[in-house]
Undergrad: 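This structure is in structure tokens; I'll ask about it shortly.
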Amino acid sequence: MSATPHKTHRELLDSREPGCGFPGEVFSRQDVFENDLDVFFSKLWILAGVTADIPEPGDVSTVEVGRASIMIVRDDDDNIRTYRNVCRHRGSRIMKEAGKASVGMLVCPYHQWTYDLDGSLKHAAHMGRDFDAKCKSLIPVHTKVIGSHIYVCLADEPPEDVTKLDQAMTPRFAPHQMQRTKIAFEAEIIENGNWKLVIENNRECYHCEGTHPELSNSFLPEDFGYCLDGLGEEAVRDYEAYTARNEKSREDWERDGFICELVEAVDESAQTNFRTQRLVIAGSNESQTISTRVASTKLLGDLQRRDLGDVHLWGHNSWTHVMSDHAVVAFILPIAPDKTVVRTKWLVHEDAVEGVDYDVQTLTEVWLATTRQDADLVANTHSGTQDPAYVPGPYSRYTETALDQFCRWYDARLSEHGI
Ligand code: FES
Ligand code: FE
């Protein structure tokens, strides 16, 4: 009996039936994972942090992206700069560990080459008079700050269409003054599944009703497609009520200058994949909490209204919900074919006081529970896709169109890079 011939990554992609998911090997093979890291986490813009990670000059947030490590730094002039975490001498890591630190200068632990926060090499002992320190600045990383979101691109020539993301999000974030926020809480979880399954899971709410009792208090699955076939009259009436409420909220928000319009760049032509829209929230329309009321009575920016719904934003490695009182920003970093780090940050007004304006439990309980539930779904699905019996089934044309789009976008990006 001969062994099954090994399909290339391209052959695996081409074997996908339109409207169905990828074969299991796309989620588990090391060579596919390496291609994914190279294209989706090195050549495209990814979310790598928020401005509140580094509130003061000298703050450094070190983030690992595949084999690469980057240092996101706030310099003495309050500029946010990003460098490769590689010493220009013999390559040592400058920051030894991922996470946050506060420094005066960036000092390599090996031979103490010392870099200014602007990246220039200020001190290198025993290198002689003819040594030209100017050529040995830290290697900069392309960085784009949009609201509180710090996007980076490790490529030499980053995709230019990040300007569309900037144009869409800058005015949407503006009333919430995202840079005047602080991190009230953050959590990291390693999900036992491929990063694409994490993103697929995030792009549908088909699973919400059965899995997310906490989130379902505030989140309306109708926002992402709905099929009334086979449902009774009551469901039809509910859907009509949802539509009417949605229209009324949108009119109301637009009149007050809060942009609601859907913008998406998710098709094959988009390098920078994103979707944004101001969504209604069930109940009070205020916040993604159990009660649907604000978790922080000190609203973001100078906002006066609590019922501003949810400015949601997807990227190909992130999701964000911005409400009147707080924001939830999450991003993912793959660490193995079957392991993905998910970092979630809860942002509140920089002057909000814990125990006075908000309490952490009310603020975090919905998305902490939801993230744990999603981690289970992803691990369970990853495992199932590796079973010899797995055959990719059809996506719902109503509730999972974004997943088929994601597959086509994923395929197109790989094709563009010769895969
Ligand atoms: Fe950094 Fe030598 S490797 S100072
Ligand atoms: Fe979910």
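Heads up: numbering here begins at 1 and tracks the sequence. Whatever order the structure lists ligands and atoms in, that order sets their numbers, starting from 1.
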Undergrad: Parallel, tilted or perpendicular, judged at 30° and 60°: which one describes the rings of Trp314 and His312?
TA: perpendicular

Undergrad: Taking the N/O/S atoms of His111 one by one, which is nearest to atom 2 (Fe) of ligand 1?
TA: ND1

Undergrad: Run the numbers for me: atoms of ligand 1, each under 4.0 Å from some heavy atom of Tyr110, listed by number.
TA: 2 (Fe), 3 (S)

Undergrad: In ligand 1, which numbered atoms sit nearer than 4.0 Å to a non-hydrogen atom of Cys108?
TA: 1 (Fe), 3 (S), 4 (S)

Undergrad: Can you tell me how the ring of Trp195 sits relative to the ring of Phe41, calling it parallel under 30°, perpendicular over 60° and tilted otherwise?
TA: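 Perpendicular.
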
Undergrad: Could you tell me whether Lys100 and Glu186 have a side-chain N and a carboxylate O separated by less than 4.0 Å?
TA: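 A salt bridge is present here (some side-chain N lies under 4.0 Å from a carboxylate O).
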
Undergrad: Quick one: do Asp404 and Arg408 make a salt bridge, cutoff under 4.0 Å?
TA: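 Salt bridge flag = yes for Arg408 with Asp404.
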
Undergrad: Which atoms of ligand 1 sit under 4.0 Å from any heavy atom of Trp113?
TA: 4 (S)

Undergrad: List ligand 1 atoms under 4.0 Å from Ser92, heavy atoms only on the residue side.
TA: 3 (S)

Undergrad: How is the N/O/S atom of His89 that comes nearest to atom 2 (Fe) of ligand 1 named?
TA: ND1

Undergrad: For the metal site, I want the angle between atom NE2 of His207 and atom NE2 of His212 with the Fe ion (ligand 2) at the apex, to 10°.
TA: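 Between NE2 of His207 and NE2 of His212, at the Fe ion (ligand 2), the angle is about 90°.
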
Undergrad: Checking one value in my table: which N/O/S atom of Asp374 lies closest to the Fe ion (ligand 2)?
TA: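 This turns out to be OD1.
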
Undergrad: Answer yes or no: does atom OH of Tyr206 have more than 12 heavy-atom neighbours from other residues, nucleotides or ligands under 6.0 Å?
TA: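 No.
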
Undergrad: When you compare the side chains of His382 and Asp338, does any donor N or O come within less than 3.5 Å of an acceptor on the partner?
TA: no

Undergrad: When you compare the side chain of Arg93 with that of Ser69, does any pair of heavy atoms fall below 4.5 Å?
TA: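 Touching, per the 4.5 Å side-chain cut-off.
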
Undergrad: Identify, for atom 3 (S) of ligand 1, the protein heavy atom at the shortest distance, and state residue, atom and that distance.
TA: Arg90 N, 3.3 Å

